[in-house]
**Student:** 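Before anything else, here's the structure in question.
In what follows, every chain begins at residue 1, and chains take the letters A, B, ... in the order their sequences are listed.
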Amino acid sequence: MVRINTDECVSCGGCIDLCPTVAIRMVDDRVVIDPEKCTTCKICVQVCPLNAPRVLEEAG
Amino acid sequence: MKEQYDVIIVGAGPAGLLAAKALAENGFDIAVLDRRKDLTTLTRTCGQSLLPPNEYFFGDLFHYNAKDKRFCFPHSGLSFPYTGPVKNLYTWRMFSPGMQKMQFGRGQGNEGAPIALSYDKEVLIECMLNEIKSDHVDVINETEFTDIAFQGPTIVVQAGDKTFQSKLVIAADGTNSRVVEKLGYNNNRRHIANLYVKSCFVKGFTPPFEESIITGISFIDSKPVYVFLLPRPEGAEWNFLILTFEAGLDLEAAYEKIIAESGFAEWFKGCEKTREFAAIESIYSPVVKPFRNNVLITGDAGSCQELECLGAMVTGWKAGLTVAAALKEQQLGIAPQAIPQYEEWWLNTYIKKYDYQDYLSIFGIAYIFANPEVVDYVFGLMEEPFLPTFNPYRAVGLLGERLQSLIPTIMAERPDILQQLAGKMLMFPSDLLVQTLTE
Ligand SMILES: Cc1cc2nc3c(=O)[nH]c(=O)nc-3n(C[C@H](O)[C@H](O)[C@H](O)COP(=O)(O)OP(=O)(O)OC[C@H]3O[C@@H](n4cnc5c(N)ncnc54)[C@H](O)[C@@H]3O)c2cc1C
Ligand code: SF4
Ligand code: SF4
């Protein structure tokens with residue numbers, strides 16, 4: 001799955017608009033990915049101007 | 001917070017807030033939804049310069065009334081207080097990679113009308129929010145539009161687990177509008193590219209001239225990157241933007257390179273970043289018919305790239321007045337006039353007047369000339385300043401005329417460039433972008 005590095009994300013909202021499964025939401029002006037909805041398509045990783053979303057290795 | 005309103009406005013940007021002002025003044029019950037919590041702290045990049053204040057734009061002649069500190073749109077009958085700082089900008093200098101320069105405006109002192117007004121967008125949003133304070137207006141933050149459904153004459157707006165109902169909806173949720181997407185408009189629009197932006201405010205940027213907008217074309221790993229440097233209205237701060245159409249180009253690395261190695265490096269020495277922003281814009285051809293299923297589209301939600309804040313404000317205000325009149329028509333059982341008039345106005349004042357292809361042409365320059373050496377050569381031919389403007393649509397017209405007149409010179413000096421251009425010059429810049437980016 002993918003997680004947003006909060007140190008680098010400025011909450012511009014761009015990835016929210018482009019995520020195909022609407023897995024990204026703004027909560028308290030922070031951008032979070034719902035792991036249930038994320039398909040690890042990596043679109044947010046490719047489009048973020050600040051390289052904030054990171055692919056996490058699958059556990060196990 | 002209620003669940004039932006006359007009108008729901010999605011998006012509390014310049015367009016949504018002025019639509020809200022129009023409806024609030026007419027006494028309708030409205031809700032403005034926005035996914036952000038703190039509406040007056042911006043996180044998405046904006047140049048924060050109002051342009052163009054020296055000509056009609058979207059049918060109005062915006063100006064700042066300094067006596068009373070008001071933003072005025074005389075043609076639309078709109079004015080409201082803006083209490084923040086302003087700075088007039090008179091010249092636009094556009095640099096090639098090798099620092100050859102094109103200039104709009106003469107840059108000699110402050111004579112003539114300014115080409116842009118630098119302002120503080122956070123104060124503007126605060127002032128707009130003040131304008132709509134009323135018992136019958138709910139500004140509902142932390143509420144993200146997710147879906148829309150139609151039950152007879154009622155529109156059901158879904159925002160996560162919250163549900164709202166209204167008679168009409170105004171879509172003002174910006175350039176990647178989800179309302180527009182959900183209504184199916186994007187199926188008939190042409191997707192041209194995505195624009196990726198990193199920006200920050202910097203202190204200590206010291207170019208050898210003041211009150212000038214500075215832009216530049218750079219090539220990073222042979223990919224075009226555009227730089228914008230806009231003076232902030234106070235505090236010797238600059239708004240520094242880096243834009244690219246190239247997916248996957250590392251904007252963080254580009255930022256370091258521009259500061260350390262570009263022609264601007266000297267002016268960046270010792271500068272310090274104060275705040276950081278970003279933006280992604282999906283660039284579609286504009287929505288041509290902005291009303292469907294009792295949803296009216298306004299501001300960037302219906303445009304290609306962006307309408308600029310002035311365009312967003314004028315269209316948002318117009319949309320609010322239109323919906324107020326449409327509701328009144330419904331109450332009185334009068335045949336609909338207001339919405340057809342808005343559609344016609346959108347068509348004549350935006351679609352037919354401001355060709356999105358022209359807007360994109362400014363970004364097309366780097367793709368047309370394709371390499372730094374050629375961009376340097378062409379910029380070098382354009383020493384004579386152009387008329388003062390920062391209106392991209394107008395600037396493109398001026399550039400095109402000048403290029404036309406330079407063809408004999410280029411033919412004599414650099415026939416290779418004309419050969420290289422032959423096909424590209426005939427192509428619309430949006431076609432060229434699509435072709436280059438999909439190659
Ligand atoms: C790089 C860049 C530079 C620019 N430079 C300038 C400039 O110098 N001068 C200028 O005038 N303009 C500039 N602009 C354009 C300007 O920012 C826009 O034209 C203007 O903000 C459009 O206003 P709007 O109200 O239509 O949309 P926006 O300002 O984008 O407002 C949309 C609102 O909707 C909210 N929203 C989005 N999706 C949802 C959802 N699903 N649910 C709820 N809320 C949602 C957002 O949080 C936002 O508050 C620039 C833009 C960019 C990207
Ligand atoms: S695009 Fe990047 S900076 Fe913008 S909200 Fe998403 S993760 Fe954050
Ligand atoms: S990886 Fe794909 S599905 Fe997951 S959050 Fe990013 S864009 Fe959405």
**Student:** Using a 6.0 Å cut-off, check whether atom NZ of A:Lys42 has over 12 heavy atoms from anything other than its own residue.
**Tutor:**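 At most 12 heavy atoms, drawn from other residues, nucleotides or ligands, come within 6.0 Å of this atom.
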**Student:** So for B:Asp173, is it side chain, backbone, both, or neither that comes closer than 4.5 Å to the heavy atoms of chain A?
**Tutor:**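 Neither part, no heavy atoms under 4.5 Å.
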**Student:** Inspect the surroundings of CZ in B:Arg275 and state if more than 12 heavy atoms from other residues, nucleotides or ligands are less than 6.0 Å away.
**Tutor:** yes
**Student:** Need one label for B:Asn194: side chain, backbone, both or neither, based on atoms under 4.5 Å from any heavy atom in chain A.
**Tutor:** side chain
**Student:** By a 4.5 Å heavy-atom criterion (distance strictly below it), what part of A:Val47 contacts chain B: side chain, backbone, both, or neither?
**Tutor:**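 For A:Val47, backbone and side chain are both near chain B.
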**Student:** Please name the pair of heavy atoms, one in A:Met26 and one in B:Arg36, separated by the smallest distance, quoted to 0.1 Å.
**Tutor:** SD-CG, 3.5 Å
**Student:** Looking at NZ of B:Lys198 and CG of A:Asn51, how far apart are the two atoms once the value is rounded to the nearest 0.5 Å?
**Tutor:** 9.0 Å
**Student:** Is it the side chain or the backbone of B:Arg178 that comes within 4.5 Å of chain A heavy atoms, both, or neither?
**Tutor:** side chain
**Student:** Under a 4.5 Å heavy-atom cut-off, does chain A meet the side chain of B:Ala279, its backbone, both or neither?
**Tutor:** backbone
**Student:** Say you draw a straight line from CZ of A:Arg25 to CD of B:Glu142; how long is it, rounded to the nearest 0.5 Å?
**Tutor:**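 Nearest 0.5 Å value for the CZ-CD distance: 9.5 Å.
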**Student:** Is chain B contacted by the side chain of A:Ile16, its backbone, both, or neither, given a heavy-atom distance below 4.5 Å?
**Tutor:** both
**Student:** Please report the shortest heavy-atom distance between A:Val10 and B:Ala278, naming the atom on each side.
**Tutor:**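 Closest approach of A:Val10 to B:Ala278: CG2-N, 3.7 Å.
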**Student:** With a 4.5 angstrom heavy-atom cut-off, could you sort out which part of B:Glu276 is near chain A: side chain, backbone, both or neither?
**Tutor:**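 B:Glu276 touches chain A through backbone and side-chain heavy atoms alike.
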